[in-house]
2 protein chains.
Amino acid sequence: MAEKKYCIKTETLAGFAKALGHPARIAIMKFLAKQDTCYFGDIHEELPIAKATVSQHLTALKDAGLIQGEIETPKVKYCINRENWAYAQQLFSEFFNMELCEKNEDCCK
Amino acid sequence: MAEKKYCIKTETLAGFAKALGHPARIAIMKFLAKQDTCYFGDIHEELPIAKATVSQHLTALKDAGLIQGEIETPKVKYCINRENWAYAQQLFSEFFNMELCEKNEDCCK
DNA sequence: GAATTTGGTCGCAAAATTACGAACAATATT
DNA sequence: AATATTGTTCGTAATTTTGCGACCAAATTC
């Protein structure tokens, strides 16, 4: 296992950011957010990539905790993991709302 | 050049997320936000990695538009690019605040 | 029980990322 | 003009990511 060189919040935020750091995965999250039926097939249809690749991206999002899947044989239904979604939202919000040092406002032009 | 398979906002958001998808780069942004002196050397001191690697991460953040650098020979001063920072903030805010479909609330347990 | 449907997994290839030391460039100092 | 300081670039290695086709597994249907 990789050792932690940074504080846990930094690692966690980076982990969420990394999971969101691909357009296909952003597209998946946007799609899931607005759908009430979110089967694998629907997601696959929406994306310009092979199903094996879609499955990989879904696994990445699941590993990051941003989504979860449930088997409804023979289909698989995915949805946003609201608890972790809210946590990610909070971490990003804290990150972007930290006050920027004013002295430094025009350090670079 | 890579063709765009996704909408521009999705690509842009993913680009910002990707740039933030490493703990060292999160740590750099946090450090820059609170410092009024933000020379390369200060950033390097703060991180547990070699200076060549720090330089690479700074380049990644610069390419993403999140920071900018200015030469103050013999040092280099970095700071947050406030315009793009604000845009990233907006894109993430829109993303996390899109309303989630209610019908789907308990699609997975 | 063969065929179909739905997705996941495997194996592979190409490309990108991460990390480092060494060498380099530019300026300032001795 | 040598030396020192500051930070980038180069070359390299190891790992990870991305993407795909082919195959596999489970359940249903013919």
Side-chain angles (χ1 to χ4, degrees), chain A residues 1-6 10-11 14-28 31-32 35 37-64 66-79 107-108, chain B residues 1-6 10-11 14-28 31-32 35 37-64 66-79 107-108:
Chain A
M1 70 191 82
E3 48 177 330
K4 291 276 181 290
K5 292 180 170 181
Y6 305 89
T10 293
E11 296 269 2
F16 283 135
K18 185 172 186 178
L20 296 173
H22 191 290
R25 294 195 291 268
I26 293 289
I28 288 170
F31 183 73
L32 286 188
Q35 294 300 313
T37 65
C38 46
Y39 295 109
F40 176 91
D42 303 320
I43 300 167
H44 178 212
E45 264 182 20
E46 196 73 4
L47 301 176
I49 51 181
K51 65 180 176 161
T53 309
V54 174
S55 195
Q56 269 184 178
H57 284 306
L58 288 169
T59 298
L61 289 170
K62 199 159 45 174
D63 288 347
L66 289 171
I67 65 171
Q68 55 202 134
E70 189 182 13
I71 297 174
E72 280 188 15
T73 22
K75 299 186 174 185
V76 178
K77 196 170 196 175
Y78 284 98
C79 68
C107 97
C108 312
Chain B
M1 72 191 82
E3 49 178 329
K4 292 278 181 291
K5 292 180 171 181
Y6 304 90
T10 292
E11 295 269 1
F16 283 136
K18 186 173 184 175
L20 296 173
H22 190 290
R25 295 195 291 267
I26 293 288
I28 288 171
F31 183 74
L32 285 187
Q35 295 299 313
T37 65
C38 48
Y39 295 110
F40 175 91
D42 303 319
I43 300 168
H44 178 212
E45 265 183 17
E46 197 72 5
L47 300 176
I49 51 181
K51 64 181 176 162
T53 308
V54 173
S55 197
Q56 267 185 176
H57 284 305
L58 287 169
T59 298
L61 289 170
K62 200 161 44 174
D63 288 348
L66 289 171
I67 65 171
Q68 55 201 135
E70 190 182 12
I71 295 173
E72 280 188 14
T73 25
K75 299 186 176 185
V76 178
K77 197 170 195 174
Y78 283 98
C79 68
C107 96
C108 312

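Atom P of nucleotide dT5(C) and atom CG of D42(A) are separated by 16 Å, given to the nearest angstrom. Atom CG of L61(B) is separated from atom C1' of dT18(C) by 14 Å (rounded to the nearest Å). Rounded to a whole Å, the CD1 atom of I43(A) is 11 Å from the C1' atom of dG7(C). Remark: P of dG8(C) and NZ of K75(A) are 13 Å apart, rounded to the nearest angstrom. What separates CD of E72(B) from P of dG7(D) is a distance of 10 Å, to the nearest Å. One atom, NZ of K18(A), and another, C1' of dT18(C), lie 9 Å apart when rounded to the nearest Å. Residue H22(B) contributes atom NE2, which lies 5 Å from atom P of dT18(C) at whole-angstrom precision. E70(B) places its CD atom 15 Å from the P atom of dT27(C), with the value rounded to the nearest Å.
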Would you tabulate the nitrogen or oxygen pairs shorter than 3.5 Å linking the protein to nucleotides 8-14 of chain D?
unit_1: dT8(D); atom_1: OP1; unit_2: Y78(B); atom_2: OH; d: 2.3
unit_1: dT8(D); atom_1: OP2; unit_2: S55(B); atom_2: OG; d: 2.9
unit_1: dT8(D); atom_1: O5'; unit_2: S55(B); atom_2: OG; d: 3.4

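Here the CD atom belonging to E45(B) is positioned 11.0 Å from the CZ atom belonging to F40(B), to the nearest 0.5 angstrom. Here the straight-line distance linking atom CG of D42(A) with atom NZ of K77(A) works out to 10.0 Å at 0.5 Å rounding. Atom NZ of K18(A) is separated from atom CD of E11(A) by 10.5 Å, given to the nearest 0.5 angstrom. Taking OG1 from T10(A) and NZ from K5(A), the interatomic distance works out to 14.5 Å, rounded to the nearest 0.5 Å. The OH atom of Y6(B) lies 5.5 Å from the CG atom of L47(A); values are rounded to the nearest 0.5 Å.
Using a 4.0 Å heavy-atom cutoff across all strands shown, T53(B) reaches at least one base atom of the nucleic acid. Using a 4.0 Å heavy-atom cutoff across all strands shown, H57(B) reaches sugar-phosphate atoms only and no base atom.
Checked against dT6(C), dT27(C), dT17(D), the side chain of T73(B) finds its nearest nucleotide in dT27(C).
Remark: side-chain polar atoms of S55(A) are not paired, donor with acceptor, to backbone N or O of K51(A) under 3.5 angstrom. Without hydrogens or angle criteria, H44(B) side chain to I49(B) main chain gives a donor-acceptor distance under 3.5 Å.
Nearer to the 5' terminus of DNA chain C, by closest-nucleotide assignment, is the contact made by G41(A) (compared with the other of G41(A) and P74(B)).
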